J.: 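Could you have a look at this structure, given as structure tokens, before my questions?
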Amino acid sequence: MKILVLNGSPKKKSDTFRLTDAFLKGLNKGNAHEVHIINVIDKKISPCRGCFGCWKNMSGHCVIDDDQNEILDLYRDSDVIIWSFPLYCYGMPSHLKAVLDRTIPLVKMNMVQMPDGTVHHEALADFTKIHTLVICGCGFPNWEGNFDGLKMMCRTCFGNPDIVCVPETPLMNVPEAVVVADPLLTRFEKAGEEYASNLSLSKATVAALEKPMISAEEYIRNVNGDKG
Ligand SMILES: Cc1cc2nc3c(=O)[nH]c(=O)nc-3n(C[C@H](O)[C@H](O)[C@H](O)COP(=O)(O)O)c2cc1C
């Protein structure tokens, strides 16, 4: 299988990527897969100019000559695409959103109305073979709504991907939190093995991965440095 990982954290020591890395360990246990990790922050990817030049030439490439065209080639050739990133203002970090915006060359201008009423652009290649997984970390403790906007966008853009939204991810890089972070890494590795067999995650697995490591009250107390 060809696996493309788009790492959208701008940090060298990403909280979210620690989880994704554990997941990849399980997913590629026997080293049977071709894994391509792209650290998006290191790539030169301009924002989309909205010129629709890509729809005129229909080459599957963007008219802007930068690193996005290499990503587009890998994208259409992948069996699995993992978007790994921190939640920024209830969505994707802007440099990763630029990658998503500029996947427009992979569809045509032609529109298709789906049975559920949604409208899509016709794909330029066969994307039904691509399985998408979103792994998103965030700085808040669990609260209803923190990930709603992101989930809506991902479901619509990626056609029902597996989505794993993890609260309290800064704990992944706090030495004192190792007792709660390590078991989560183990759960991610196991989830990777499950994904390798099924190319999807069960609801129970997603719930186990999204379970807060500590209570919201304790997390907020720690963040605020409260002693009492
Ligand atoms: C610009 C910016 C916006 C953020 N917005 C949110 C947010 O909307 N919700 C949230 O829970 N955390 C938010 N965070 C916190 C990050 O998601 C959190 O620190 C995460 O663990 C960073 O992951 P990384 O180490 O993989 O980059 C934001 C952080 C930054 C820098």
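Whatever order the structure lists them in is the order used to number ligands and atoms, beginning at 1. This structure is a prediction, so every number in the text was calculated from the model and none was measured.
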J.: Ser9 and Asn7: side-chain donor and acceptor closer than 3.5 Å?
T.: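 Their side chains do not contain a donor-acceptor pair, so the 3.5 Å distance test is not met.
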J.: Measure the distance from atom 23 (O) of ligand 1 to every protein heavy atom, then report the residue, atom name and distance (to 0.1 Å) of the closest one.
T.: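 The answer is Pro86 CB, 3.2 Å.
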J.: Starting from atom 19 (O) of ligand 1, what is the nearest protein heavy atom, named by residue and atom, and what distance separates them?
T.: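 I find the closest protein heavy atom is Pro170 CG, 4.0 Å.
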J.: Is it the case that Asn198 and Ser200 place a side-chain donor and acceptor less than 3.5 Å from each other?
T.: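 Side chains of Asn198 and Ser200: no pair found under 3.5 Å.
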J.: Could you tell me whether the side chain of Phe188 reaches within less than 4.5 Å of the side chain of Val166, counting heavy atoms only?
T.: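 In contact.
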J.: Give the numbers and elements of all ligand 1 atoms closer than 4.0 Å to a heavy atom of Gly139.
T.: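 Atoms satisfying the 4.0 Å criterion: 10 (C), 11 (O), 12 (N), 15 (C), 16 (C), 17 (O), 18 (C).
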J.: Answer yes or no: does atom NZ of Lys190 have more than 12 heavy-atom neighbours from other residues, nucleotides or ligands under 6.0 Å?
T.: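 Not more than 12 within 6.0 Å, no.
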J.: Give the atom numbers and elements of ligand 1 that come within less than 4.0 Å of a heavy atom of Cys89.
T.: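 Once the distances to Cys89 are compared, the set is 3 (C), 4 (C), 5 (N), 6 (C), 7 (C), 8 (O).
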J.: State the atoms of ligand 1, each with its element, that fall below the 4.0 Å cut-off from a heavy-atom position in Ser14.
T.: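 Near Ser14, the atoms of ligand 1 are 24 (P), 25 (O), 26 (O).
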J.: Counting only heavy atoms not in Asp126, do more than 12 sit closer than 6.0 Å to its CG atom?
T.: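 Yes, enclosed.
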J.: Please report which non-hydrogen protein atom sits nearest to atom 8 (O) of ligand 1, along with the residue it belongs to and the distance in Å to one decimal place.
T.: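 Protein heavy atom at minimum distance: Tyr90 N, 3.0 Å.
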J.: Please identify which atoms of ligand 1 are closer than 4.0 Å to at least one heavy atom of Lys11.
T.: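 The list of qualifying atoms is 24 (P), 25 (O), 27 (O).
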J.: What are the atoms of ligand 1, with element, lying closer than 4.0 Å to any heavy atom of Gly137?
T.: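 The atoms of ligand 1 under 4.0 Å from a heavy atom of Gly137 are 17 (O).
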J.: What atoms in ligand 1 come closer than 4.0 Å to a heavy atom of Thr169?
T.: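 Under 4.0 Å from Thr169, ligand 1 has these atoms: 20 (C), 21 (O).
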J.: Using 4.0 Å as the upper bound for N to carboxylate O, is an ion pair formed by Lys25 and Asp21?
T.: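 The answer is no: the pair does not qualify as a salt bridge.
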J.: Are there over 12 heavy-atom neighbours, none belonging to Lys203, within less than 6.0 Å of that residue's NZ?
T.: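 No - once you tally the heavy atoms of other residues, nucleotides and ligands closer than 6.0 Å, there are 12 at most.
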J.: Strictly by modelled atom types, are His131 and Asp162 linked by a side-chain donor-acceptor pair under 3.5 Å?
T.: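 The answer is no; no qualifying pair exists.
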J.: I need the Trp55 CH2 to Ile104 CD1 distance, nearest 0.5 Å.
T.: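 Reported to 0.5 Å precision, the distance equals 5.0 Å.
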J.: Can you figure out which of Leu87, Thr20, Ile135 has its heavy atom closest to atom 6 (C) of ligand 1?
T.: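 Shortest heavy-atom distance from atom 6 (C) of ligand 1: Leu87.
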J.: With a cut-off of 4.0 Å, which atoms of ligand 1 are near a heavy atom of Asn146?
T.: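 Those qualifying, in numeric order: 9 (N), 10 (C), 11 (O).
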J.: Around atom 20 (C) of ligand 1, find the nearest protein heavy atom and jot down its residue, atom name and distance.
T.: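 Answer, as residue, atom name and distance: Asp15 OD2, 3.7 Å.
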J.: Considering the heavy atoms of Ser9, write down every atom of ligand 1 situated less than 4.0 Å from one of them.
T.: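 Close to Ser9: 24 (P), 26 (O), 27 (O).
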J.: Does Asn173 approach ligand 1 within less than 4.0 angstrom via side chain, backbone, both or neither, non-hydrogen atoms only?
T.: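 The answer is neither.
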J.: Within a 6.0 Å radius of atom CE on Met109, are there more than 12 heavy atoms belonging to other residues, nucleotides or ligands?
T.: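 Counting neighbours around CE of Met109, 12 or fewer heavy atoms of other residues, nucleotides or ligands fall under 6.0 Å, so no.
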J.: Measure from atom 11 (O) of ligand 1 to every heavy atom in Tyr88, Phe147, Phe140 and give the option owning the shortest one.
T.: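 Nearest heavy atom to atom 11 (O) of ligand 1 lies in Phe140.
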